[in-house]
Every structure is written in C-alpha cells, then in structure tokens.
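The structure appears right after this line, and notes come after that.
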Amino acid sequence: MTIPEFEEIVEQNDQTEARREHLEKLRELVGNVYPNKFVRSSIGGAEDTISSVLKFAVVVAAGDEMAAVKASLKEGERPPAEVKDKLNEQLKALGTVRIAGRLTTPPRGNFVHLTDGIAKLQVYCDKKGGFALIKNDAENTVDPENGWTAWKLIDHGDFVGVEGYLFVTNTGEVSLHVERLQFLAKAMVPMPDKMHGIADPEIRQRQRYADLIASSLQVETDGMTTREVFETRAKVISSLRRYLEDHGYIEVETPMLTPKATGAAAKPFVTHHNALDIDLYARIAPELYLKRLVVGGFEKVYELNRNFRNEGISYKHNPEFTMLEFYCAYMDVNGMMDFCERMMRESVQKAAGELKVSYEGNEIDFGNFERLAMRDAILRYAPQAEITDSNMVEWFDNHVEPNLTQPTFIIDYPKSISPLSKASPANPQIAERFELFINGMEVANGFSELNDPKEQYDRFVDQMAQREGGDDEAMVLDEDYVRALSYGMPPAAGIGIGIDRLVMLLTNKHSIRDVILFPHLRPERRADKDEGEQE
RNA sequence: GGGUCGAUAGCUCAGUCGGUAGAGCAACGGACUCUUAAUCCGUGGGUCACAGGUUCGAUCCCUGUUCGGCCUACCA
C-alpha cells in the first residue's frame with residue numbers, strides 16, 4: 001500500500017502557497033503558530049463566546065438604540081456623536097473582553113468579522129492607534145510593535161483571539177476595538193465561496209466540515225443552512241427523548257452486533273468476530289431485544305440509535321439510519337397511535353416552532369393525523385383495484401403510498417407480512433399494525449406485540465419457509481426470543497420511528513443525505529493518482 | 001440496474017456555428033484605513049476530466065472510459 005504524500009491530500013496551488021508564506025512569517029513573529037489555548041473573558045458569567053457577547057444586555061440595548069437612531073437619519077448620514085459617546089461609555093464599562101473566532105472575510109482594511117460558527121462579531125484594528133501582538137510563547141509575551149504586521153498576515157478563515165473593548169461604529173454596529181491580537185490557527189486552504197457556498201453536492205456531503213464552515217460564512221442563503229438543519233435534528237431528538245422520559249420511559253442500549261439479523265425484513269451487513277470465530281450481523285432492528293426487556297419487567301423502554309441494512313441507497317435510504325424504537329406494556333396499537341401522534345406533535349412544535357411545516361411546496365399539518373385501513377386507502381386511490389390478500393401490498397405501494405402527503409396512519413395490515421404482531425380480535429387475518437406515512441414516506445411502523453410464544457414460533461417457522469423459498473429478507477427464527485416470550489410478556493405495543501425521515505420533513509430537505517452529517521458515499525478516488533498506479 | 005444531463009482558472013460560471021479561451025470573486029503588488037458580499041489601480045494564473053477517432057487543425061464533432069448530478073426501479 002502506497003502512502004499518499006501530504007501534497008496529494010491537500011492540493012497545493014497559488015492560494016495555499018500564499019497562506020503557507022503568511023504562516024512562515026507569522027511563525028517569526030509569534031513563535032508557535034498552533035498555540036494550545038486561548039482563555040476567553042467571562043463577563044457574562046460563563047466563558048464569553050461571540051454569540052454570548054452579542055446577547056449582553058448592554059450590547060443588545062446599544063444595538064437597539066443605534067437602530068432607532070439610524071431609522072431617523074437620512075441615507076449616508078452619520079449618527080450624532082453624543083449618542084455614540086454615551087453608548088460607548090456604557091459598552092466600555094463592561095471592561096476588557098477577550099473572545100476568539102474564525103475570520104469570516106478576507107482581512108481587507110481594518111475591520112473584520114469573527115464567527116464562533118453561529119454569530120458574527122465585528123472587530124476593529126486601529127493602525128494609527130496601534131495594538132499589541134501576543135506571542136505564543138510560554139509567557140504570552142506582549143509585543144507592542146508588531147500588531148499591524150501580524151494583522152496583515154492573517155487570512156480569510158484563520159482563527160484569532162482578540163482582547164479589547166466594545167464600541168459602536170459610525171454605521172451603528174457594536175464592535176470590538178482590538179488592543180491585543182493573538183494568532184491561534186491557520187486555514188491552509190481557501191474558504192468556501194461566501195456567495196454560493198459549496199455548489200458540488202459531493203464535496204458538501206463528503207467534506208461536511210467545509211459545508212458547515214460555508215454555512216457560517218455564507219452571505220445569502222435560501223432555506224436552512226446546513227448548521228441549522230443539524231441543530232433542528234438535535235432539537236427533534238432531544239424533545240423526543242424528553243417526551244418519553246416525562247412519560248416514564250427508560251433509555252436502554254441493546255446489541256448492535258448480533259448473532260442473528262432479525263426483528264425486521266431486510267438484508268444485513270455481515271462481519272466476523274475473530275476470537276469467537278463466528279459471523280455477526282449489524283443489527284437491522286433492536287425490536288426483539290427491547291421486547292426481551294419488557295419480559296424482564298421494563299414496562300416502558302426506548303432505544304434511539306442506528307440500524308443497518310445492506311440495501312440500496314436513495315433519497316430516503318441510507319445504509320445506516322437512526323431509529324427511535326419504544327415499547328409500552330399493557331398498551332395496544334390504538335393507544336400507541338394516540339401516543340405517537342401526541343409525541344410527534346410536541347416534538348414538531350418544539351423543533352419547527354409550529355405544527356404546519358412547508359415541505360417541497362406542500363404544507364404538512366402535524367396537527368391532524370388521519371387513520372385509514374389499507375383496503376380503504378387502496379379503494380380511495382385506485383377504485384378499480386381487485387384486492388386479494390396477496391396483491392394488497394403491491395396495490396398499496398404503487399397507488400397509495402406516493403399520495404399520502406399528510407400524516408396518515410395506515411392500519412389493518414395483512415397478518416402474513418407482520419410476523420411479530422398480534423392479530424386483530426375482530427379479524428384473524430388482519431394484524432393490529434399501523435404504518436405512519438408522511439409525504440409518501442414511511443416514517444413509523446408499530447403494532448400490538450405478539451406475546452404468545454407458540455404462535456410466535458409458528459410465525460417464525462412460516463418465515464423460514466419463505467426464506468427457503470428464496471425470500472432472503474424473510475425473518476430468521478430467534479430461538480432465544482421464543483424462549484423469552486415463554487416467560488410471559490404482558491400485552492404491549494411498540495413502534496419504530498425513522499428519525500432521519502422525520503428530520504427531512506422538518507428541514508425541507510429532499511435527500512436523506514442532507515440530514516445525515518456523514519452519509520455513505522462511494523470511496524473517494526483520486527483520478528490522477530490511479531493513472532500512475534495502473535499496471 | 002435503466003434513462004438522462006454534465007465535467008472549462010483556487011471558487012462560481014460564460015464561451016468558441018472547429019482556428020488552443022473570458023468574467024466576477026479569491027491570490028499577488030501598490031494605494032486607502034469607521035468598513036458592511038466583492039474599496040481603487042495593476043499583475044500572475046488554464047493539458048478546457050481522461051484516452052482514441054475524424055480533420056490541415058479538436059476544448060468544441062464522433063466513440064469509449066472515469067467521476068458526478070437528476071429521474072426511475074428494490075429495501076425503512
């Protein structure tokens with residue numbers, strides 16, 4: 001195996017050469033160009049960040065007052081000196097502020113904005129008034145001469161720490177007047193285009209770090225920035241967790257590497273354990289483990305983690321995806337639908353701020369979930385259908401699923417395709433099962449859990465027969481699970497919710513890759529490298 | 001897997017009805033130093049994805065390859 005050169009990994013050009021030269025000159029001025037730390041001030045109580053400084057009451061008040069004054073001024077007119085002086089006095093009374101961040105623009109002139117990834121604060125370096133450079137030696141020696149020299153050597157995207165006082169500029173922006181500058185880290189490659197962001201979707205997904213930088217630098221954006229997408233994702237997940245915990249659920253972790261891939265109909269990833277010399281499967285669902293816990297006495301359990309399915313990749317499929325799965329003793333499918341609806345309503349409200357979200361031109365209303373039997377759904381969208389037990393799902397997939405834009409629980413599934421769910425008391429051929437569809441995507445799947453060990457055994461045997469018949473997605477018999485059920489499991493309902501798809505809906509993203517930080521992509525190839533290696 | 005569109009400067013893109021290429025930004029040099037995406041003046045930068053073919057001549061036409069987008073089929 002050949003080890004690629006650094007220059008092959010980090011492409012060198014006139015842009016990187018310029019940055020490298022700046023770095024060498026900075027090294028002469030400050031010594032260590034990759035210092036180990038920068039201690040920020042703590043005026044706001046905790047360590048000050050750019051975002052927190054901008055939320056100081058005095059800063060907010062100064063901003064508001066300046067905005068009001070500017071509104072009364074004519075185009076190009078400067079705010080009166082007495083207003084500025086008064087605000088500057090208040091801002092200066094805060095004392096010395098030390099903050100750090102990345103340059104959001106090339107350092108033209110003496111103004112530049114720093115970002116902490118979220119907010120931007122303008123900083124001002126006064127050439128005439130002068131400012132000191134802090135060396136990155138053990139004592140952080142103050143060099144009063146070379147502040148401006150160092151300033152000219154920093155590039156768009158570099159990290160600096162600055163110390164100084166806050167003030168308002170002639171245009172009314174609260175800024176930091178730099179008295180001391182400390183160089184913290186260099187960006188050796190050019191920053192993403194601040195107008196267009198990163199246009200190449202491959203780079204956006206493969207180099208998510210660059211995509212995230214772009215979203216903090218970009219001047220104009222349509223829709224959510226990448227950062228906002230993942231902040232929304234975090235909000236959804238935390239609100240779901242809180243909701244479950246507020247309702248008595250306990251979070252558990254069950255095996256990801258399992259001796260049998262079961263609990264769902266899907267092809268697994270296979271791996272090998274050397275010491276035990278056995279094949280293991282990345283789990284396709286945690287379902288059977290969670291129900292073992294219900295047997296063991298955990299009446300309400302949930303697990304929020306990844307499942308792995310060795311299947312195709314599409315706008316709504318990633319080989320690993322995040323599923324929230326939970327079980328509740330003594331509940332049936334109807335109770336679970338009620339609970340799911342309430343939980344999703346609260347989560348959407350918290351993450352999106354409202355129950356009606358706009359998705360690809362449609363308005364999706366999470367305030368209203370319809371319940372529709374599969375047979376009725378087919379007759380609604382394909383009245384000509386001649387439904388039999390065997391063709392029902394096909395009719396559904398082809399004619400109904402794409403039309404289910406608003407949140408819809410499809411209920412009354414054929415028992416034959418639901419080997420882990422209980423039959424309906426009213427109709428033994430129907431499973432007490434639902435799937436939730438939104439915008440043509442399956443978002444959740446739940447049912448009244450089958451808890452009769454003998455019937456479960458028979459259903460597994462039936463699945464194994466289908467497997468023999470060539471259906472390699474049919475479930476495999478899990479002997480220990482049958483044994484677990486024989487200890488007695490209370491009546492229970494369970495559900496799995498596809499978190500990635502839910503996040504797609506809340507962030508108006510068409511592709512699942514846009515809501516997963518590091519989605520699976522083909523291995524990267526360096527075309528010019530491969531050439532040299534042929535033959 | 002099938003269809004379809006694409007690959008031109010570090011980035012975003014234009015262009016050549018076939019005569020080896022341009023803009024804006026970025027970089028570099030200088031001027032400016034209370035500016036809000038790009039201040040002003042100047043400079044450098046391209047094997048036009050790769051390999052063949054047609055042609056006096058190909059970045060452009062043809063064929064193939066690689067990589068990628070979009071649509072489509074199967075799985076949540």
Side-chain angles (χ1 to χ4, degrees), chain A residues 10-22 78-79 84 104-113 120 122-129 148 151-152 155-157 167-173 175 177 188-206 210 214 217-221 263-268 284-285 307-325 397-398 401 435-437 441-445 471-473 496-502 504 510-513 521-528 530-531 534:
Chain A
V10 182
E11 190 196 338
Q12 303 294 301
N13 52 45
D14 61 321
Q15 321 271 312
T16 58
E17 180 58 20
R19 286 165 182 266
R20 206 186 54 73
E21 283 175 18
H22 294 165
R78 293 278 155 88
K84 270 187 66 183
T104 66
T105 56
R108 282 264 183 75
N110 41 16
F111 278 96
V112 82
H113 282 87
K120 295 175 190 176
Q122 179 165 264
V123 302
Y124 170 67
C125 286
D126 183 4
K127 183 185 184 182
K128 283 181 286 188
W148 186 254
W151 177 255
K152 286 189 293 182
D155 290 306
H156 184 197
F167 74 110
V168 286
T169 63
N170 280 336
T171 55
E173 180 168 343
S175 307
H177 188 117
M188 297 301 289
V189 294
M191 290 296 104
D193 188 293
K194 61 178 166 291
M195 291 310 290
H196 306 90
I198 296 173
D200 185 339
E202 194 196 345
I203 294 175
R204 218 163 50 217
Q205 290 162 5
R206 201 184 288 287
L217 301 183
Q218 210 166 346
V219 177
E220 289 169 6
T221 49
K267 289 174 214 141
I284 56 174
N307 290 340
F308 307 86
R309 298 189 183 175
N310 201 346
E311 290 164 350
I313 293 176
S314 79
Y315 76 95
K316 55 179 174 178
H317 297 93
N318 194 58
E320 57 179 293
F321 64 101
T322 300
M323 178 110 104
L324 167 63
E325 204 162 293
D397 288 348
N398 293 333
E401 196 173 313
E435 287 191 1
L436 173 62
F437 290 87
M441 285 191 298
E442 184 193 334
V443 172
N445 177 15
D471 180 359
D472 54 4
E473 290 184 2
I497 299 174
I499 298 300
D500 310 285
R501 290 180 177 180
L502 182 58
M504 285 166 71
H510 175 68
S511 170
I512 198 167
R513 291 183 182 192
L521 302 167
R522 282 195 184 80
E524 193 170 5
R525 307 182 78 109
R526 277 188 294 277
D528 48 344
D530 292 346
E531 291 256 312
Q534 271 173 11

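Labels below follow one simple rule: chain letters A, B, ... track the order of the sequence lines, proteins then strands, and each chain is numbered from 1.
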Looking only at heavy atoms, which two atoms of A:Gln122 and A:Ser175 are closest? And how far apart?
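Looks like NE2-OG, 2.9 Å.
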
Selected nucleotide, minimal atom distance to [X] side chain, candidates [options]:
X	options	value
A:Arg309	B:rA76, B:rG10, B:rC34	B:rA76
A:Glu442	B:rG10, B:rC34, B:rA76	B:rA76
A:Ser314	B:rC34, B:rC74, B:rG10	B:rC74

Rounded to the nearest 0.5 Å, how far apart are CZ of A:Arg20 and CD of A:Gln12?
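If we round to the nearest 0.5 Å, A:Arg20:CZ and A:Gln12:CD are 8.0 Å apart.
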
Quick one: pull up CD1 in A:Ile284 and CE in A:Met323 and give me the separation to the nearest 0.5 Å.
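Between A:Ile284 CD1 and A:Met323 CE, I get 9.5 Å after rounding to 0.5 Å.
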
Expressed as a whole number of angstroms, how long is the span from [X]:[atom1] to [N]:[atom2]?
X	N	atom1	atom2	answer
A:Leu436	B:rA76	CG	C1'	12 Å
A:Arg206	B:rC67	CZ	P	11 Å
A:Ile499	B:rA76	CD1	P	17 Å
A:Tyr315	B:rA76	OH	C1'	12 Å
A:His317	B:rG1	NE2	P	18 Å
A:Ile203	B:rG10	CD1	C1'	11 Å
A:Met191	B:rA37	CE	C1'	16 Å
A:Glu325	B:rA76	CD	C1'	11 Å

Could you work out, with side-chain contact (heavy atoms from CB on, under 4.5 Å) as the rule, every residue matching A:Asp14, not counting sequence neighbours?
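Result, side-chain contact (heavy atoms from CB on, under 4.5 Å) vs A:Asp14: none returned.
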
If I pick the [atom1] atom on [M] and the same atom on [N], what distance separates them, to the nearest angstrom?
N	M	atom1	result
B:rG18	B:rC61	C1'	8 Å
B:rC67	B:rU59	P	24 Å
B:rA9	B:rU43	C1'	15 Å
B:rA21	B:rG6	P	23 Å
B:rG45	B:rG10	C1'	10 Å
B:rC60	B:rG3	C1'	25 Å
B:rG46	B:rU8	P	16 Å
B:rU12	B:rA26	C1'	11 Å

Among all residues two or more places apart in sequence or in another chain, which pass the ring pair (Phe, Tyr, Trp, His ring centres under 6.0 Å) test with A:His317?
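Per chain and number, A:His317 pairs via ring pair (Phe, Tyr, Trp, His ring centres under 6.0 Å) with no residue.
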
Pairing residues for A:Phe111 by the ring pair (Phe, Tyr, Trp, His ring centres under 6.0 Å) criterion, not counting sequence neighbours
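Scan of A:Phe111 (ring pair (Phe, Tyr, Trp, His ring centres under 6.0 Å), adjacent residues dropped) gives A:Tyr124.
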
Among all residues two or more places apart in sequence or in another chain, which pass the side-chain hydrogen bond (donor to acceptor under 3.5 Å, both in side chains) test with [X]?
X	value
A:His22	A:Asp155
A:Asn170	A:Lys84
A:Glu401	none
A:Asn110	none

Watson-Crick or G-U pairs under 3.5 Å in RNA chain B, rendered as dot-bracket with [ ] for crossing pairs and | for another strand:
(((((((..((((.....[..)))).(((((.......))))).....(((((..]....))))))))))))....

Does [X] reach a base, just sugar-phosphate, or nothing at all? Heavy atoms under 4.0 Å.
X	result
A:Arg513	sugar-phosphate
A:Glu173	base
A:Thr16	nothing
A:Ala444	nothing
A:Lys267	nothing

Quick check: on RNA chain B, is the nucleotide nearest A:Thr105 upstream (toward 5') of the one nearest A:Pro319, or the reverse? Name the residue that is more 5'.
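It is A:Thr105 whose nearest nucleotide is closer to the 5' end.
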
Does B:rG68 have OP1 or OP2 under 4.0 Å away from a side-chain N or O of A:Arg204?
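For B:rG68, neither OP1 nor OP2 has a side-chain N or O of A:Arg204 closer than 4.0 Å.
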
Side chain to side chain contact (heavy atoms under 4.5 Å, CB included) assessment of A:Phe321 paired with A:Arg501
CA-CA 9 Å; A:Phe321 64 101; A:Arg501 290 180 177 180; over 6 Å; no

Counting primed atoms plus P, OP1 and OP2 as sugar-phosphate and everything else as base, spell out the protein contacts along nucleotides 23-33 of chain B at 4.0 Å heavy-atom distance: B, S or - for each nucleotide, 5' to 3'.
---BSS----B

Heavy-atom donor-acceptor pair, A:Gln122 side-chain to B:rU35 base, under 3.5 Å:
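Flag set: donor-acceptor pair detected.
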
